[in-house]
There are 2 protein chains.
Amino acid sequence: MTALKRIEREPLWDLAHAQLRDALLAGRFAPGTVLTLRALAESFGTSITPVRDAVTRLVAQGVLQQGPRNAAIVPQLTARELADLTVVRCALEGQAAREAARRRNTAGLERLKSLLATMQSLISAKNLESYLDYHRQFHFEIYAMSGIPILVETIENMWLRCGPVLSFVIPEYVVLLKGWDHHTAALKAIVAGDADAAEREIVADITEAADYLASLADANGQLRRPLRETMVAS
Amino acid sequence: MTALKRIEREPLWDLAHAQLRDALLAGRFAPGTVLTLRALAESFGTSITPVRDAVTRLVAQGVLQQGPRNAAIVPQLTARELADLTVVRCALEGQAAREAARRRNTAGLERLKSLLATMQSLISAKNLESYLDYHRQFHFEIYAMSGIPILVETIENMWLRCGPVLSFVIPEYVVLLKGWDHHTAALKAIVAGDADAAEREIVADITEAADYLASLADANGQLRRPLRETMVAS
DNA sequence: TTAAGATGTTTGTTATAACAAACACCAAAA
DNA sequence: TTTTGGTGTTTGTTATAACAAACATCTTAA
């Protein structure tokens with residue numbers, strides 16, 4: 001009886017959490033937007049109770065900031081906060097890359113090679129939208145290879161925090177790269193089981209992207225938002 | 001008008017969150033205990049709504065695990081999970097020690113020296129209860145010196161996850177140490193601005209404590225709970 | 001004696017109403 | 001014109017009731 005998928009009645013607040021999470025990660029909410037419970041509830045077609053649970057969870061994860069009067073606002077990263085996040089990401093993702101090089105397996109390596117090939121073809125085709133998806137999958141395939149769930153979970157949290165900023169700037173950054181990139185080098189290092197090189201390449205990948213983002217900050221340390229359609233809580 | 005303290009009406013769910021957090025950290029809940037909303041609400045003397053918010057937040061932070069039927073249960077760390085947590089802690093706290101050595105200031109160093117002196121006197125007096133408080137303060141004084149709030153916040157999260165296990169085993173471990181310890185060495189390294197040594201000592205402090213804990217695990221990888229009074233949800 | 005089914009209880013989920021603090025808007029006085 | 005005071009609205013917080021799924025318990029039939 002494995003033909004039938006298990007019916008799982010997921011709670012409403014779980015669905016709301018997933019939707020908000022994806023929207024944040026995709027940058028569909030303008031930084032600084034205040035999310036009101038009743039507005040979100042109306043968008044979802046539920047009462048405010050499940051929405052409140054979802055927002056509480058996001059705030060606890062640090063994905064949403066809490067403004068005055070405990071209002072949930074979409075975080076607006078300063079250049080300083082981005083630099084801090086970069087330090088934490090380098091420590092976590094560098095360590096994950098080390099462990100991945102140590103505990104590599106053939107199945108995972110095949111998936112990484114496939115993902116990398118897809119990424120390169122998407123760059124050539126200038127399909128930068130779906131490139132982001134595969135870029136994320138590539139990184140987390142490495143991190144999952146570390147075999148340390150808590151590490152992967154923590155890294156995911158950091159990506160969520162800088163997601164709204166990162167997700168729409170990377171495409172423009174990617175096209176600046178000429179042929180050789182740190183992703184290819186990182187995969188080669190992991191295949192060779194070279195933990196030092198794997199960490200070095202991942203850290204370089206993170207810091208170079210962060211440096212590019214920091215160069216876009218204005219005099220106040222605010223990261224300007226590029227011109228793109230954004231969605232606010234209606 | 002600075003004589004009067006500002007009256008701030010903290011929400012009930014915030015108070016409940018703080019109480020549960022402290023109880024977890026102090027190990028007053030036996031691992032594996034299922035926390036029911038109505039029982040907790042009765043203990044707090046409130047309705048289940050604020051308690052639900054507090055539990056939701058703790059689950060989102062990874063401090064509480066969610067069992068079947070979304071029940072919140074006090075996590076029961078396996079030896080494997082403890083090892084994973086140790087890897088993450090070494091990456092994060094090692095990096096924080098590096099930054100602290102780089103951005104050290106005299107005021108913070110004075111506080112560290114004072115804390116260390118208190119710790120040593122408490123060990124001599126065999127007052128292991130309050131030693132834990134100062135031990136925690138010493139570590140986080142270092143991490144705060146890094147000047148990276150997100151890093152400190154993430155480290156706090158990791159301490160909360162292994163808090164119930166760590167808090168009652170360290171005292172027995174401390175008395176095994178002869179005179180020289182990694183805390184003294186870490187402080188000396190930070191004073192000297194030696195980032196490498198600071199990271200090395202902090203990592204050694206973490207791993208040695210973790211190794212001691214791992215030696216207490218039974219054949220199933222479960223960390224046995226020492227004989228001590230525990231509190232369950234009434 | 002054992003197993004299957006019915007039943008009552010427990011427990012997380014959701015909707016709703018009431019509440020209080022904060023905000024916005026407007027009018028009146030200086 | 002500016003400031004002060006009042007008023008209505010917005011918004012997070014809390015309590016409560018109803019609901020459904022899961023669990024435990026007991027009864028009944030083989």
Side-chain angles (χ1 to χ4, degrees), chain A residues 1 4-21 24 29-30 32-75 231-234, chain B residues 1 4-21 24 29-30 32-75 231-234:
Chain A
M1 260 314 196
L4 299 181
K5 243 191 309 184
R6 169 152 189 78
I7 297 178
E8 44 197 29
R9 180 188 170 81
E10 221 172 348
L12 289 181
W13 64 266
D14 218 335
L15 301 176
H17 171 76
Q19 282 205 34
L20 284 175
R21 172 194 158 107
L24 264 309
F29 287 111
T33 305
V34 293
L35 300 176
T36 65
L37 297 181
R38 286 172 177 83
L40 289 175
E42 193 174 6
S43 299
F44 286 128
T46 68
S47 80
I48 66 174
T49 309
V51 175
R52 180 179 168 81
D53 285 349
V55 170
T56 297
R57 168 174 282 204
L58 288 170
V59 171
Q61 289 177 318
V63 180
L64 288 177
Q65 293 179 345
Q66 50 183 2
R69 204 300 183 89
N70 283 355
I73 63 179
V74 181
M231 201 177 78
V232 292
S234 64
Chain B
M1 262 313 197
L4 299 180
K5 241 191 309 183
R6 169 152 187 78
I7 297 178
E8 46 197 31
R9 179 188 173 82
E10 220 171 350
L12 289 181
W13 64 267
D14 218 336
L15 301 175
H17 172 76
Q19 282 205 36
L20 284 175
R21 172 193 158 110
L24 264 309
F29 287 111
T33 305
V34 292
L35 301 176
T36 66
L37 298 181
R38 286 173 176 82
L40 290 174
E42 193 175 6
S43 300
F44 287 129
T46 68
S47 81
I48 67 175
T49 308
V51 175
R52 180 179 169 79
D53 285 348
V55 170
T56 297
R57 167 174 283 203
L58 287 171
V59 171
Q61 289 178 316
V63 180
L64 288 177
Q65 293 178 344
Q66 51 183 0
R69 204 315 191 73
N70 284 353
I73 64 180
V74 181
M231 201 178 77
V232 291
S234 62

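Reminder, nothing fancy here: chain letters follow the sequence lines and each chain counts from 1.
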Visitor: State, yes or no, whether a side-chain contact exists between B:Val74 and B:Leu24 at a heavy-atom distance under 4.5 Å.
Guide: yes

Visitor: Based on Watson-Crick and G-U pairs with both distances under 3.5 Å, what dot-bracket line describes DNA chain D 5' to 3', crossing pairs as [ ] and inter-strand pairs as |?
Guide: ||||||||||||||||||||||||||||||

Visitor: Start at the 5' end of DNA chain C and walk down; is the nucleotide closest to B:Arg38 or to B:Thr49 reached first?
Guide: B:Arg38

Visitor: Name every residue in residues 11-20 of chain B that has at least one heavy atom under 4.0 Å from any atom of DNA chain D, in order of residue number, or write none if there are no such residues.
Guide: B:Pro11, B:Leu12, B:Trp13

Visitor: Write down the atom of A:Pro50, the atom of A:Leu12, and the distance for their closest heavy-atom approach.
Guide: CB-CB, 3.9 Å

Visitor: Might you work through the side chain to side chain contact (heavy atoms under 4.5 Å, CB included) test for B:Leu40 and B:Thr36, ending with a clear yes or no?
Guide: CA-CA 6 Å; B:Leu40 290 174; B:Thr36 66; 5.9 Å; no

Visitor: May I ask you to verify if any side-chain N or O of B:Arg52 is less than 4.0 angstrom from the OP1 or OP2 atom of C:dG12?
Guide: no

Visitor: Does some side-chain heavy atom of A:Phe44 sit less than 4.5 Å from a side-chain heavy atom of A:Leu15?
Guide: no

Visitor: Between B:Val59 and B:Gln66, what is the shortest heavy-atom contact and its length?
Guide: CG1-OE1, 4.1 Å

Visitor: Output the rounded distance in Å from CD1 (B:Ile73) to P (C:dG12).
Guide: 12 Å

Visitor: Let me confirm one number: the CG-CG distance from B:Leu37 to B:Asn70, rounded to the nearest 0.5 Å.
Guide: 10.5 Å

Visitor: If you take any heavy atom closer than 4.0 Å to DNA chain C, which residues from residues 55-70 of chain B end up in contact?
Guide: B:Arg69, B:Asn70

Visitor: State, with a plain yes or no, whether a side-chain heavy atom of A:His17 is found less than 4.5 Å away from one of A:Leu58.
Guide: yes

Visitor: Output the rounded distance in Å from CD (A:Glu42) to P (D:dT10).
Guide: 12 Å

Visitor: Within this structure, what is the CD1-to-P distance between A:Ile48 and C:dC19, rounded to whole angstrom?
Guide: 16 Å

Visitor: So which heavy atom on A:Ala41 is nearest to which on A:Ser47, and how close?
Guide: CB-O, 3.6 Å

Visitor: So do the side chains of A:Ile73 and A:Leu64 get within less than 4.5 Å of each other, counting heavy atoms only?
Guide: no

Visitor: Taking CG from A:Asp53 and C1' from C:dT13, how many angstroms apart are they, rounded to a whole number?
Guide: 9 Å

Visitor: Out of D:dA15, C:dA15, D:dG12, which nucleotide sits closest to the side chain of B:Ser47?
Guide: D:dA15

Visitor: Is a side-chain N or O of A:Thr46 found less than 3.5 angstrom from the main chain of A:Glu42, in a donor-acceptor match?
Guide: no

Visitor: Compare all side-chain heavy atoms of A:Arg52 with those of A:Trp13 and state whether any distance is below 4.5 angstrom.
Guide: no

